[in-house]
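Structure record follows, encoded as structure tokens.
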Amino acid sequence: MTDGRFDLTGRVALITGSTQGLGAATAQVLAEHGAHVIVSSRKQEACDAVAARLRERGLSAEGFACHIGHQAAIDAIYDHVSATHGRLDVLVNNAVLSPWRSVEQTDRPLLLKALETNTAGYWYMSTAAVKLMKTRGKGSIVNISSTVAIQPMRMLALYSTFKAALDGMTRSFALEVGEFGIRVNTILPDLFDTMLADAFTSTEKQASVAKTPLGRLGDPRELAYAVLFFASDASSYVTGASLVVDGGRLLSS
């Protein structure tokens with residue numbers, strides 16, 4: 001029997017940081033399930049290229065650049081969404097700044113820059129989404145966190161800190177906007193087979209795989225299907241939740 005609860009036909013989904021890696025995979029999976037996706041990252045050319053590839057596959061997509069660390073850019077993309085579509089059903093907060101620095105190497109300008117993107121950016125993307133979702137009495141916000149929110153890594157102190165803060169943000173938003181039919185959830189991925197993984201040496205990746213019960217890196221689409229669950233009516237009674245998608249990696253930490 002066909003279950004339509006994963007069907008996103010007629011819905012508009014905005015995915016930040018979606019020109020590569022987990023974000024691009026998420027845009028494709030949501031589009032494959034009927035959503036009109038707005039591909040977004042800092043560079044318009046990259047957004048247009050990914051959206052064009054999706055349209056070549058018969059999917060519905062457009063590109064719109066947005067640097068979520070800049071309030072003017074956030075205002076611009078929501079002005080566009082409101083004027084063009086009049087609705088937003090799904091927001092996936094995925095864009096991130098993850099500087100590779102020790103605690104002692106992290107100066108104030110870098111900390112504040114990361115704060116603007118990783119916390120303020122998620123916050124104001126979400127509050128703008130809530131305003132649009134309220135008009136329809138329904139919506140889903142999915143925040144992409146990381147397992148480093150639970151198990152920090154050396155040289156990723158800022159990333160770990162802001163991802164840990166994101167869990168509190170998710171639950172706070174879920175508490176306040178649930179009465180409007182809006183759900184807010186978090187996904188915590190570990191190492192996936194993306195360009196981000198290429199920042200690690202072959203030895204480091206092998207060590208990670210060795211400690212992962214499922215014995216491999218994640219495929220980006222496996223993260224995207226978790227987003228689909230939260231974006232769709234399949235999770236209609238789930239809010240304020242944190243879902244770890246890591247092949248069991250935290251179990252061995």
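- Considering Val184, Val177, Ile141 as possible partners of Ser126, the one that fulfils the side chain to side chain contact (heavy atoms under 4.5 Å, CB included) test is Ile141.
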**OP:** Report the C-alpha distance between Lys138 and Met133 in whole Å, list the side-chain angles of each, state the deciding distance to 0.1 Å, and finish with yes or no for side-chain contact (heavy atoms from CB on, under 4.5 Å).
**Re:** CA-CA 6 Å; Lys138 187 176 183 180; Met133 292 173 178; over 6 Å; no

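- Judged as a side chain to side chain donor-acceptor pair (under 3.5 Å), and not counting sequence neighbours, Ser232 has no contacts.
- Within the structure, the salt bridge (Lys or Arg N to Asp or Glu O under 4.0 Å) test picks out no pair touching residues 139-161 (sequence neighbours left out).
- Scanning both residues, Ala231 and Val142, for their nearest heavy atoms gives N-CG2, 4.4 Å.
- Exactly one residue among Val148, Leu115, Leu97, Thr117 makes a side chain to side chain contact (heavy atoms under 4.5 Å, CB included) with Phe162. That residue is Leu115.
- In this structure, the side chain of Lys163 engages the main chain of Ile144 through a donor-acceptor pair within 3.5 Å.
- With 3.5 Å as the limit, one finds a donor-acceptor pair spanning the side chains of Ser235 and Arg183.
- Within the 3.5 Å criterion, the main-chain N or O of Ala65 finds a donor-acceptor partner in the side chain of Gln44.
- Legend: residues meeting ring pair (Phe, Tyr, Trp, His ring centres under 6.0 Å) with His67, ordered by chain and number and at least two apart, are His70.
- In this structure, CD1 in Ile77 is found 5.5 Å from CE in Met125, a value given to the nearest 0.5 Å.
- Atom CZ of Arg42 sits in a sparse spot, with 12 or fewer heavy atoms from other residues, nucleotides or ligands closer than 6.0 Å.
- Using a 4.5 Å cut-off on side-chain heavy atoms (C-beta onward), Asp190 and Ser208 make contact.
- Nearest heavy-atom pair, Gly63 versus Ala51, reported as atom, atom and distance to 0.1 Å: N-CB, 3.6 Å.
- Judged as a ring-ring contact (aromatic ring centres under 6.0 Å, His included), not a single pair has a partner in residues 218-253 (not counting sequence neighbours).
- Within a 6.0 Å radius of CD in Glu176, no more than 12 heavy atoms belonging to other residues, nucleotides or ligands are found.
- Shortest non-hydrogen contact noted between Leu158 and Ala114 is CD1-CB, 4.0 Å.
- For the pair Arg87 and Asp89, the salt-bridge criterion is met [side-chain N within less than 4.0 Å of a carboxylate O].
- Judged as a salt bridge (Lys or Arg N to Asp or Glu O under 4.0 Å), and not counting sequence neighbours, Arg101 has no contacts.
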Donor-acceptor pairs are to be reported for all side-chain atoms of residues 22-29 against protein atoms at under 3.5 Å, with residues two or more places apart or in another chain.
residue : atom : partner : partner atom : Å
Thr26   : OG1  : Leu22   : O            : 2.8
Gln28   : OE1  : Arg57   : NH1          : 2.6
Gln28   : NE2  : Glu32   : OE2          : 2.9

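- Taking the six-membered ring for Trp and the full ring otherwise, Phe173 and Trp123 have centroids separated by under 6.0 Å.
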**OP:** Mind running side-chain contact (heavy atoms from CB on, under 4.5 Å) on Asp75 and Tyr124 for me, showing each step along the way?
**Re:** CA-CA 9 Å; Asp75 293 341; Tyr124 290 111; over 6 Å; no

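- Annotation: side chain to side chain donor-acceptor pair (under 3.5 Å) contacts of Asn143 (sequence neighbours excluded): Asn93, Thr170.
- In this structure, CD1 in Ile38 is found 8.0 Å from CD1 in Ile15, a value given to the nearest 0.5 Å.
- Minimum interatomic distance between Leu14 and Ser40 (heavy atoms only, all atoms of both residues): CD1-CB, 4.0 Å.
- Within the 6.0 Å centre-distance limit, the rings of His80 and Phe64 are counted as a close aromatic pair.
- Identified under the salt bridge (Lys or Arg N to Asp or Glu O under 4.0 Å) test for residues 8-18, with sequence neighbours left out: Arg11-Asp233.
- Residues Ser18 and Asn94 fail the side-chain proximity criterion, which asks for heavy atoms closer than 4.5 Å.
- Checked against side chain to side chain donor-acceptor pair (under 3.5 Å), Gln105 has the following partners two or more places apart in sequence or in another chain: Ser102.
- Taking 4.5 Å as the limit, every side-chain heavy atom of Leu243 sits out of range of all side-chain heavy atoms of Asn185.
- Minimum heavy-atom separation, Gly240 to Arg171: O-CG, 3.6 Å.
- Atom-to-atom distance recorded for Asp79:CG and Thr84:OG1 is 10.0 Å, nearest 0.5 angstrom.
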Original post:
Are Leu223 and Ile187 close enough, and set up right, to give a side-chain contact (heavy atoms from CB on, under 4.5 Å), and what steps lead you there?
Top reply: CA-CA 8 Å; Leu223 184 282; Ile187 298 175; 3.4 Å; yes

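- Under the side chain to side chain donor-acceptor pair (under 3.5 Å) criterion, Ser242 pairs with Asp167, sequence neighbours left out.
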Original post:
Going through the distances and angles, do Asp246 and Thr147 end up as a side-chain hydrogen bond (donor to acceptor under 3.5 Å, both in side chains)?
Top reply: CA-CA 8 Å; Asp246 71 341; Thr147 53; 5.6 Å; no

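- Closest approach of Leu228 and Phe6 over heavy atoms only: CD1-O, 3.8 Å.
- In this structure, the separation between CG on Leu88 and OG on Ser82 is 10.0 Å, given to the nearest 0.5 Å.
- In this view, Arg216 and Glu222 satisfy the salt bridge (Lys or Arg N to Asp or Glu O under 4.0 Å) rule, not counting sequence neighbours.
- Shown here are the salt bridge (Lys or Arg N to Asp or Glu O under 4.0 Å) partners of Arg108, two or more places apart in sequence or in another chain: there are none.
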Original post:
Would Ile150 and Leu188 count as a side-chain contact (heavy atoms from CB on, under 4.5 Å) if you check the C-alpha gap in whole Å, the side-chain angles of each, and the deciding distance to 0.1 Å?
Top reply: CA-CA 9 Å; Ile150 299 172; Leu188 295 84; 3.8 Å; yes

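- By the 6.0 Å contact criterion, CZ on Arg136 is open, its count of non-hydrogen atoms from other residues, nucleotides or ligands being 12 or less.
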